[in-house]
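What follows is a set of notes on a single structure, which appears directly below.
Model, not experiment: these values are computed from the prediction.
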Amino acid sequence: MNRRTGPALVLALGCLLGACGTAPTQTHRPAPAGEKPFWRAEFDGAAGSRPSARSWNTETGNREAEGWGNNELQYYTDDAANSALDGAGHLEISARPAPPGAGLPCFTEDFCPWTSARLTTEGKVALTRGRAEIRAKIPTGTGLLPAIWMLGDNGVEWPGQGEIDICEVVGGEPRTVYGTAHGPTYSNENGIGEAATLTADASAAFHTYAVDKQPHRITWSVDGEPYFTLTPSKLPSPRDWVFEQDMHLLLNVAVGGDWPGPPDASTPSPATMTVDYVRFYGEGHA
């Protein structure tokens, strides 16, 4: 079970040393001329309709998954109130206070005080080699942890499964975009990554978040501007590189937990991740 419980150690050191990248205000940089994705989700459809089950799974619950490994407060549902198309070409994933008396079982307390959604392409779409590109507007606020990320399809228990966090925006750091990798000997707070700094809150505008996953090299970028490249040489001994495999995508908005801390009266409700598109370039399965 994946546990994403804090900023990466290498990331934090890099920021202290002035190595954190700074992303521009540009909202979209198109793919190079002639480059076509092998899979894309553009989210065209009627307002209130669910994303296509051909590509997307909707995971539900909380207690059974130990608060999703991070003592989180949301109960993931398959309700349109938590994940649906907006009728204007976007997917909306919304965290909301649970309805009074909902009685949704929670790992951290008797009942989850929030609902949200967690969508995955596991078993349906995967990237083998190439670029995952997601254009989205990310919610910000105390106690929130929205994430765009990938997990490996190798069937190994996490962290040996491999995890690439394409974009995480945590709690009260609305202008910081974290990009992190987790593996067998570098997980949780020892994940390896860096951060990009936006000039405005991530919730103020759409940005294009991407990773380019090539053999023995992963590069993170925002709006086409790279800010971190990971190679096996940057891993701790014995340099367990677990990313030469198919990896599926996850989109979710978590609430509370070990990293962002609890929500408070200032936390937006609903807190919505608005996804314009998802595109996979290179090689994979769809």
Please walk me through it: do Asp165 and His182 pass side-chain hydrogen bond (donor to acceptor under 3.5 Å, both in side chains)? CA-CA 8 Å; Asp165 298 327; His182 299 269; 3.2 Å; yes

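- Taking Thr272 as the reference, Glu92, Ser94, Pro270, Thr274 meet the side chain to side chain contact (heavy atoms under 4.5 Å, CB included) condition, with sequence neighbours excluded.
- Arg239 CZ: more than 12 foreign heavy atoms inside a 6.0 Å radius.
- Here Phe280 contributes atom CZ and Lys213 contributes atom NZ; the two are 10.0 Å apart, rounded to the nearest 0.5 Å.
- In terms of modelled atom types and a separation under 3.5 Å, the side chain of Glu72 and the main chain of Gly69 share no donor-acceptor contact.
- At distances below 3.5 Å, not a single donor-acceptor pair connects side-chain atoms of Ser55 with backbone N or O atoms of Ser52.
- With sequence neighbours left out, Pro226 forms a side chain to side chain contact (heavy atoms under 4.5 Å, CB included) with Thr219.
- When all heavy atoms are compared, the tightest approach of His216 to Pro232 is O-CD, 3.3 Å.
- A side-chain donor from one of Tyr178 and Glu173 sits under 3.5 Å from a side-chain acceptor of the other.
- Side-chain atoms of Val242 and Gln161, non-hydrogen and from C-beta on, never get closer than 4.5 Å to each other.
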Checking side chain to side chain contact (heavy atoms under 4.5 Å, CB included) for the pair Glu109/Leu73: CA distance, chi angles, key distance, verdict? CA-CA 8 Å; Glu109 48 193 85; Leu73 299 177; 3.4 Å; yes

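- Partners of Asp240 by salt bridge (Lys or Arg N to Asp or Glu O under 4.0 Å), not counting sequence neighbours: none found.
- A donor-acceptor contact shorter than 3.5 Å links the side chain of Lys234 to the backbone of Thr229.
- Taking all atoms of both residues into account, the shortest heavy-atom contact from Gly183 to Ser187 is O-CB, 3.7 Å.
- Between the side chains of Trp149 and Glu168, no donor-acceptor pair is found at a separation under 3.5 Å.
- Note: Arg217 CZ to Trp241 CH2 = 8.5 Å, rounded to the nearest 0.5 Å.
- Without hydrogens or angle criteria, Lys124 side chain to Trp56 main chain gives a donor-acceptor distance under 3.5 Å.
- A salt bridge between Asp201 and Arg175 is present, with a side-chain N of the basic residue lying under 4.0 Å from a carboxylate O of the acidic one.
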Working for side chain to side chain contact (heavy atoms under 4.5 Å, CB included), residues Val211 and Arg131: CA-CA 6 Å; Val211 292; Arg131 189 171 77 258; over 6 Å; no

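- Note: Thr121 OG1 to Asn57 CG = 7.5 Å, rounded to the nearest 0.5 Å.
- In terms of modelled atom types and a separation under 3.5 Å, the side chain of Glu59 and the main chain of Thr120 share no donor-acceptor contact.
- Residues passing the salt bridge (Lys or Arg N to Asp or Glu O under 4.0 Å) test with Asp276, sequence neighbours excluded: Arg135.
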I would like to know whether Asn70 and Asp258 meet side-chain hydrogen bond (donor to acceptor under 3.5 Å, both in side chains); could you show each step before the answer? CA-CA 6 Å; Asn70 303 310; Asp258 301 329; over 6 Å; no

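- Summarising the geometry of Ala84 relative to Pro51, their closest heavy-atom pair is CA-CD, 4.5 Å, with the distance given to 0.1 Å.
- A search for side chain to side chain contact (heavy atoms under 4.5 Å, CB included) contacts involving Ala126 returns Asp153, Asp246, not counting sequence neighbours.
- For the residue pair Thr115 and Asn82, a side-chain donor N or O sits within less than 3.5 Å of a side-chain acceptor on the partner.
- Trp114 forms part of a hydrophobic cluster together with Leu144, Val255, judged by ILVMFWY side-chain heavy-atom separations under 4.5 Å.
- The aromatic rings of Phe206 and His90 sit parallel, their planes meeting at an angle under 30°, below the 60° perpendicular limit.
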Stepwise side chain to side chain contact (heavy atoms under 4.5 Å, CB included) check, Ser203 with Ile138: CA-CA 5 Å; Ser203 56; Ile138 306 296; over 6 Å; no

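- You'll find the side chain of Thr208 stays beyond 4.5 Å of the side chain of Val222, heavy atoms only.
- Distance check: Phe38 CZ to Leu127 CG gives 5.0 Å after rounding to the nearest 0.5 Å.
- The other members of the hydrophobic cluster of Tyr75, by chain and number, are Leu104 (side-chain heavy atoms under 4.5 Å, ILVMFWY only).
- The CG atom of Leu249 sits 5.0 Å away from the CD1 atom of Ile134 when rounded to the nearest 0.5 Å.
- Pairing each heavy atom of Pro184 with each of Gly160, the nearest pair is CG-CA, 4.0 Å.
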Evaluate the side chain to side chain contact (heavy atoms under 4.5 Å, CB included) criterion for residues Ile93 and Asn252: first the C-alpha distance (whole Å), next the side-chain angles of each, then the deciding distance (0.1 Å), finally the verdict. CA-CA 7 Å; Ile93 297 176; Asn252 69 288; 5.7 Å; no

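- At least one donor-acceptor pair closer than 3.5 Å links the side chain of His248 to the backbone N or O of Leu151.
- Residues that satisfy the side chain to side chain contact (heavy atoms under 4.5 Å, CB included) test with Ala181, not counting sequence neighbours, are Trp220, Leu230, Phe243.
- In this structure, Thr267 contributes its side chain and Asp264 its backbone to a donor-acceptor pair below 3.5 Å.
- Under the salt bridge (Lys or Arg N to Asp or Glu O under 4.0 Å) criterion, Arg129 pairs with Glu283, not counting sequence neighbours.
- Of all heavy-atom pairs between Ser266 and Thr142, the closest is OG-OG1, 3.6 Å.
- Every disulfide (SG to SG under 2.5 Å) that Cys112 has, sequence neighbours left out, goes to Cys106.
- Residue pairs meeting the salt bridge (Lys or Arg N to Asp or Glu O under 4.0 Å) criterion with at least one partner in residues 38-52, sequence neighbours excluded, are Arg40-Glu42, Glu42-Arg279.
- Looking only at distances, no side-chain donor or acceptor of Ser221 sits under 3.5 Å from a matching main-chain atom of Glu225.
- Here the side chain of Arg96 pairs a donor or acceptor atom with the backbone of Ala81 at under 3.5 angstrom.
- Of the possible donor and acceptor atoms, none in the side chain of Glu163 sits under 3.5 Å from a partner among the backbone N and O of Gly191.
- For an aromatic pair to be called close, the ring centres must be under 6.0 Å apart, and Trp68 with Tyr76 satisfies this.
- Under the salt bridge (Lys or Arg N to Asp or Glu O under 4.0 Å) criterion, Glu122 pairs with no residue at all, not counting sequence neighbours.
- The shortest side-chain heavy-atom distance between Ile192 and Phe228 falls under the 4.5 Å cut-off.
- Within the model, atoms SG of Cys167 and CE of Met273 stand 7.0 Å from one another, a figure rounded to the nearest 0.5 Å.
- Of all heavy-atom pairs between Val253 and Ala95, the closest is CG1-CB, 3.9 Å.
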